[in-house]
There are 2 protein chains.
Amino acid sequence: MSALKDKILETATDLFHTRGINSTGVDTIVAVAGTTKMTLYKYFASKEDLILEVLKKSQLDFQTWLNDKLNSTSKKPNDKIQQLFDYVEEWVNSPAFIGVGFIKASAEFPNEENPIHQLSSQQSREFRQFISKLARDASIKDADGLALQLSLLFEGAVQAEQMKRGSGAIKYAKKAAKILIDGAIKS
Amino acid sequence: MSALKDKILETATDLFHTRGINSTGVDTIVAVAGTTKMTLYKYFASKEDLILEVLKKSQLDFQTWLNDKLNSTSKKPNDKIQQLFDYVEEWVNSPAFIGVGFIKASAEFPNEENPIHQLSSQQSREFRQFISKLARDASIKDADGLALQLSLLFEGAVQAEQMKRGSGAIKYAKKAAKILIDGAIKS
DNA sequence: AAATAGGTATACTGACCTGTATATATCATA
DNA sequence: TATGATATATACAGGTCAGTATACCTATTT
């Protein structure tokens, strides 16, 4: 991949989060990235295409990072699901954290037929399935139910954190997650 | 209040949720409401002013409805907090449900200095304080902590429901809420 | 030295946006 | 009937937006 394409993706990701997607024009993106519109449109067919690629890359980066973290410490399924929110907390509290793409995108593109909304919806579903697999590996009966609950805490906490940085929401989300996981393991 | 002002507010509320705030122009609003821009700008100083009023009215309506519901069945504090998510579920599953204004607005206006973002943030905080009062009345020790957790579930569930109608998220949010409330009462 | 490829610079089109100016119509009340 | 308030119709100004057209630059390769 070209260095410039990467730079554009990175810049767009940042601007979309700090200013909003619809409020960020391609002129602004290329100006901040230090290139021109001609170059942007050489790599991306349209702004919509750029948004979709930004969403894909963001989610891939996060999922890769999280997966590596989970595999780095323990291989035991029960440890993994218990540690999930520890890493989510680490990620949310890191200076690089700017939010979750699919949450913001689905809010800005509410129409269910919009490709951006559809991708967001799919990514949210995939993340839930990822948690569900962790739960199933830990022999939790209603894995899907627990995964849904944990994903609600996750999305709620990210939302709260974006509304006000340093809200401490993730700390209480972690506590709630522990209670729900322990309850699901016992039953 | 003028009937036309009400009609404009109502139309704007609906369009903001179904199409997004930034994607909805004032021309569209007045066309759907069956009036003209001149009338809109007689009642609202600017589009930003209209957005702020839409947010205020939406939150007031919801809070009033919820409060009435909570007072209609039981006066006992312990019943109230247990019934909170029953009514939230009723509200989310009603055909009139279109989402929560302050969640979408804070996503579309991420800049913390923006008046719309500030109002959204304030409304989120007020709703959390409302839950906290319910918890305090029920003699729960860490009322603020529980309120934060419940608000995460609430916001997460609404988010999920908006991403896909009929997701069933609220059902599992309700179950999670019960576990967290019961845990908080005992301790 | 010439050709090729990747990036730059800049201007433009046509659409859409918020907000305003101006002139007209409707209708209740005095 | 006359007055004044309210709403309408329409056109416009000034700005921003996505996307394209054209010409130029620069460096590597042949």
Side-chain angles (χ1 to χ4, degrees), chain A residues 1-56 101 104-105 107-111 113-117 119, chain B residues 1-56 101 104-105 107-111 113-117 119:
Chain A
M1 185 182 304
S2 155
L4 261 176
K5 182 175 182 183
D6 242 15
K7 179 75 182 169
I8 292 171
L9 268 176
E10 190 188 305
T11 305
T13 304
D14 193 59
L15 288 174
F16 286 164
H17 279 100
T18 54
R19 305 189 190 185
I21 300 172
N22 279 316
S23 305
T24 304
V26 290
D27 296 271
T28 307
I29 295 170
V30 296
V32 174
T35 181
T36 65
K37 276 205 280 193
M38 289 314 299
T39 305
L40 189 151
Y41 282 103
K42 192 161 283 178
Y43 291 118
F44 306 95
S46 60
K47 187 186 176 185
E48 179 173 294
D49 187 51
L50 171 61
I51 297 169
L52 291 171
E53 290 217 32
V54 163
L55 285 177
K56 283 178 199 163
K104 305 199 68 174
E108 289 211 50
F109 302 90
N111 187 338
E113 277 144 47
N114 184 297
I116 298 169
H117 183 97
L119 177 61
Chain B
M1 185 185 299
S2 154
L4 262 176
K5 181 174 182 183
D6 241 15
K7 180 74 181 168
I8 292 171
L9 269 175
E10 189 187 306
T11 305
T13 304
D14 193 59
L15 289 174
F16 286 163
H17 279 100
T18 54
R19 304 189 190 186
I21 300 172
N22 278 316
S23 305
T24 304
V26 291
D27 295 272
T28 308
I29 295 169
V30 296
V32 175
T35 181
T36 65
K37 275 205 282 193
M38 289 314 299
T39 305
L40 189 150
Y41 281 102
K42 191 159 284 175
Y43 290 118
F44 306 95
S46 61
K47 188 186 175 184
E48 179 173 292
D49 186 51
L50 171 61
I51 298 168
L52 291 171
E53 289 218 30
V54 163
L55 285 177
K56 283 179 199 162
K104 304 199 69 175
E108 289 210 51
F109 302 90
N111 187 338
E113 276 145 45
N114 184 297
I116 298 169
H117 184 96
L119 177 61

For atom NZ of A/Lys47 and atom C1' of D/dT20, their distance in whole Å: 17 Å
note: B/Lys42, atom NZ; C/dT20, atom P; distance rounded to Å ~ 13 Å
Do A/Leu9 and A/Tyr43 have side chains that approach each other closer than 4.5 Å (heavy atoms only, starting at C-beta)? no
Can you tell which of A/Thr11, A/Asp14, A/Thr24 makes a side chain to side chain contact (heavy atoms under 4.5 Å, CB included) with A/Val32? A/Thr11
Between D/dT10, D/dG19, C/dG19, which nucleotide has the shortest distance from any of its atoms to the side chain of B/Met38? D/dT10
Would you say B/Thr39 places a side-chain N or O within less than 4.0 Å of OP1 or OP2 belonging to D/dT8? yes
Give B/Phe44 one of three labels, base, sugar-phosphate or nothing, depending on what nucleic acid heavy atoms sit under 4.0 Å from its own. nothing
Side chain of B/Leu4: nearest nucleotide among D/dT8, C/dG19, C/dT8? D/dT8
Would you indicate whether the side-chain heavy atoms of A/Arg19 and A/Thr28 approach each other to under 4.5 Å? yes
Per atom distances to the B/Val26 side chain, the nearest of C/dT10, C/dT18, C/dG7 is C/dT18
B/Ile8: which of B/Ile29, B/Thr13, B/Val26 passes side chain to side chain contact (heavy atoms under 4.5 Å, CB included): B/Ile29
Whole angstrom value for the distance that separates P of C/dC16 from CD1 of B/Ile29: 17 Å
Nearest whole angstrom, please: distance from the P of D/dA7 to the NZ of B/Lys5. 12 Å
Walking DNA chain D from its 5' end, the first of A/Ala45 and A/Ser23 to be reached, judged by nearest nucleotide, is A/Ser23
Which residues satisfy the salt bridge (charged side-chain N to carboxylate O under 4.0 Å, His left out) test with A/Lys37, sequence neighbours excluded? A/Asp27
Hey, does the side chain of A/Thr35 come within less than 4.0 Å of C/dG6's phosphate (OP1/OP2), counting only N and O? no
Return the value, rounded to whole Å, for the distance between atom NZ of B/Lys37 and atom C1' of C/dT22. 15 Å
Can you find a pair of side-chain heavy atoms, one from A/Phe109 and one from A/Asn22, that are under 4.5 Å apart? yes
Nucleotide of C/dG6, D/dT20, D/dT8 approaching A/Tyr43 most closely (side-chain heavy atoms): C/dG6
Using atom CG of B/Asp27 as one end and atom C1' of D/dA9 as the other, report the distance to the nearest whole Å. 14 Å
Rounded to whole Å, CG of A/Leu50 lies from C1' of D/dC17 at a distance of 15 Å
Please report the distance, rounded to the nearest Å, between CG in B/Asp6 and C1' in D/dA7. 17 Å
Bend across the helix from C/dA1-D/dT30 to C/dA30-D/dT1, to 10°, with axes taken over 5 pairs at each end? 10°
Is any side-chain heavy atom of B/Thr35 less than 4.5 Å from a side-chain heavy atom of B/Leu40? no
